[in-house]
Amino acid sequence: MDDDTTNARSLHTLREEFRKARLAKQAVTVNVEDAIFTRLVEAEELLTVASGLFTELAENQGNWLFNYRDDITNARWALHNAIHDRTFA
């Protein structure tokens, strides 16, 4: 048992490496979350514009896009709610 000694310097180095790895992983997760959030905001803005453009098509409601009007509106509100939840979380 006397030969089994713990080198405090080695333990400190291991702890430090573990801490750095954990912080690096957190940074990547936050960056990915921020990137996703940015894309959600952009998508919500584009869907808002698309929803508004349906008024331009009002004269031609036979247009195939009207089949997706409700889905586009629902997607916009889903994104809006997700953005709102993160903003005020």
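Starting from 1, each residue takes its place in the sequence as its number. The shown structure was predicted, so the numbers you read here are calculated from the model rather than taken from an experiment.
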Could you state whether V49 and L57 fall into the same hydrophobic cluster, counting links through intermediate Ile, Leu, Val, Met, Phe, Trp or Tyr residues with side-chain heavy atoms under 4.5 angstrom apart?
no

Roughly how far, to the nearest 0.5 Å, is CD of E17 from CG of L14?
8.0 Å

Interatomic distance, CG@N74 vs CZ@R69, rounded to 0.5 Å, equals 12.0 Å

Can you find a heavy atom in the side chain of R22 that is under 4.5 Å from one in the side chain of K25?
no

So F54 and I72, side-chain contact (heavy atoms from CB on, under 4.5 Å) or not? Walk me through it.
CA-CA 10 Å; F54 276 107; I72 291 169; 4.0 Å; yes

Is there a path of hydrophobic side-chain contacts, each under 4.5 Å between heavy atoms, that joins V32 and I83?
yes

Side-chain atoms of residues 59-67: list all donor-acceptor pairs with protein atoms under 3.5 Å, sequence neighbours left out, distances to 0.1 Å.
from, atom 1, to, atom 2, distance (Å)
N63, OD1, L65, N, 2.8
N67, ND2, W64, O, 3.4

Is the shortest side-chain N to carboxylate O distance from D34 to R39 below 4.0 Å?
no

Are L53 and L47 connected, step by step, through hydrophobic side chains (Ile, Leu, Val, Met, Phe, Trp, Tyr) whose heavy atoms are closer than 4.5 Å?
no

Counting only heavy atoms not in F37 (residues, nucleotides, ligands), do more than 12 fall under 6.0 Å from its CZ?
yes

So if you build clusters from Ile, Leu, Val, Met, Phe, Trp, Tyr with side-chain heavy-atom gaps below 4.5 Å, do L40 and L46 land together?
no

